[in-house]
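Source: prediction; values computed, not measured. Just so it is clear: chains get the letters A, B, ... in the order the sequence lines come, proteins before strands, and each one is counted from 1.
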Number of protein chains: 2
Amino acid sequence: MSAREQLTEAMAELLWERGYAATSPRDVMARAGVGQGSMYHHFSGKHDLAVETFTEVAEVLTEGSSVLEGDGSPLDRLKGYLSVPRPGTRGCRIGRMTQDPQVVADAELIAIVANAFDIALGRWEQAIADAIAAGELPTSVVPADLARTLAAVIQGGYVLARAKGDQAPMDAAVRGAVSLLDAAHAAATHD
Amino acid sequence: MSAREQLTEAMAELLWERGYAATSPRDVMARAGVGQGSMYHHFSGKHDLAVETFTEVAEVLTEGSSVLEGDGSPLDRLKGYLSVPRPGTRGCRIGRMTQDPQVVADAELIAIVANAFDIALGRWEQAIADAIAAGELPTSVVPADLARTLAAVIQGGYVLARAKGDQAPMDAAVRGAVSLLDAAHAAATHD
DNA sequence: GTCTATAATCCGATAGAC
DNA sequence: GTCTATCGGATTATAGAC
């Protein structure tokens, strides 16, 4: 594996473990097993290395949300994607970055994060619109709103799980959201 | 105002603006208009100053969730507290800390955060139980689960708002949650 | 392309005068 | 109680040999 790849891989690991601000180029080079000269040959600095790493991580994660475009009824796809196992205490590799002031202040980095959310939210929105069209959710539901609600449940679940150092709050938040979707389904059926 | 108070106030501001890791004692002293000697006279270091500041901020925020214990029907209280105006792009002063690796690694600091969430979640849970008892939500809803769902919607709303640098996703996430609660209310009424 | 050496600055903390 | 001076170490980055 090339030094460049070893560097982005080490950066990705450290971003997840420690976040952006707390990760120094020194740490990255040590984990990558690469000298300082290599790092500054391939990248102009910490920011540049982060841009490439963010891009790679965002691509992997946005592929995940394509579960929403799979088989089954729209409501089942929504519930299925909500219930995908997520390591709550480790946090979302993308969502976590929004709370790092150094990332938010970096226009290029936050744009990568925002774009990843846009892709995932678009898929949520389409699946919700499909569920409404199929009569599985009430027509009073606004797809763009509910998409953000369900994405927020997951992102907020990570926050609660990290606050307690425990996976349980994440799982509880998802169960509660599923039960609301089931209740809304029942309401739609009664119409 | 005493130097001690000026220091905790400056620390609270900087924690919100930059987070814990990115705030140095130097920054705090500069904003407080206080010399280094004062800082280390009143506090043993950055950690100690943060413990006092976190405690004060957590008290103010947990007072806010007492809206859930106010007047009106339980469901109205839930919807009302969900809809309280929140500056999404600035983030939650408590929730934001869960994504800072240095805070999570500090047992004393994360305990203050966890405790604040426990108090707020207890109030969510009680209001939800009241709503079920009043027939406003289906009995299939588990209060402990839905409490975490709704708290997650708010915390996740902050994440989405910060990702886009825009208040709109936060408001959309809340609207979507309210519409699900309304649908669940309709389902409960049909039973 | 990769290495080591070094720079300038900032970090959190301590010492000691007043 | 508050100040300034200073410590040892880490930070991001550059220089230049190989």
Pair Glu52(A) + Arg4(A), salt bridge at N-O below 4.0 Å: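 Salt bridge between Glu52(A) and Arg4(A), a charged N being under 4.0 Å from a carboxylate O: yes.
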
Ionic contact status for Asp27(B) with Arg18(B), cut-off 4.0 Å: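 The answer is yes: the pair qualifies as a salt bridge.
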
message: Can a donor-acceptor pair be found, under 3.5 Å and without considering hydrogens, that links the side chain of Arg175(A) to the backbone of Asp145(B)?
response: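 No; zero donor-acceptor contacts below 3.5 Å.
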
task: Report yes or no: does Gln155(A) contribute a side-chain atom to a donor-acceptor pair with the main-chain N or O of Val159(B) at less than 3.5 Å?
output: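 Between the backbone of Val159(B) and the side chain of Gln155(A) there is no qualifying donor-acceptor contact (under 3.5 Å).
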
task: Validate the cation-pi geometry between Arg86(B) and Tyr81(B): distance from NZ or CZ to the six-membered ring centre under 6.0 Å, angle to the ring axis within 45°.
output: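 Here Arg86(B) passes the 6.0 Å and 45° test against Tyr81(B).
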
Measure [atom1]/[X] against [atom2]/[N] and give the value in whole Å, please.
| X | N | atom1 | atom2 | answer |
| --- | --- | --- | --- | --- |
| Arg18(A) | dA10(D) | CZ | P | 13 Å |
| Arg26(B) | dA5(D) | CZ | C1' | 13 Å |
| Tyr20(A) | dT11(D) | OH | C1' | 13 Å |
| Gln102(A) | dT11(D) | CD | P | 13 Å |
| Met29(B) | dT4(D) | CE | C1' | 12 Å |

field: Given DNA chain D, 5'-ward residue of the pair Pro25(A) and Gln36(B), judged by closest heavy atom
entry: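 Checking each residue's closest nucleotide, the 5'-ward one belongs to Gln36(B).
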
task: Please find the earliest and latest nucleotides of DNA chain C, in the 5' to 3' direction, that have an atom within less than 4.0 Å of any heavy atom of chain B.
output: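 That gives a stretch of dC11(C) to dT14(C).
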
- request: May I ask you to say what Ser2(A) touches in the nucleic acid, namely base, sugar-phosphate or nothing, with a heavy-atom cut-off under 4.0 Å?
  value: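 Answer is nothing: Ser2(A) stays at 4.0 Å or more from every strand.
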
- request: Could you tell me whether Gly37(A) contacts a base, only the sugar-phosphate backbone, or nothing, with contacts defined as non-hydrogen atoms closer than 4.0 Å?
  value: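 Base, at least one base atom sits under 4.0 Å.
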
query: Roughly how far, to the nearest 0.5 Å, is the CD atom of Glu125(B) from the CG atom of Leu146(B)?
result: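 Leu146(B) atom CG to Glu125(B) atom CD measures 10.0 Å (nearest 0.5 Å).
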
task: Kindly say if Ser24(A) contacts the phosphate of dT11(D), meaning a side-chain N or O under 4.0 Å from OP1 or OP2.
output: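 The answer is yes; a side-chain N or O of Ser24(A) sits under 4.0 Å from OP1 or OP2.
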
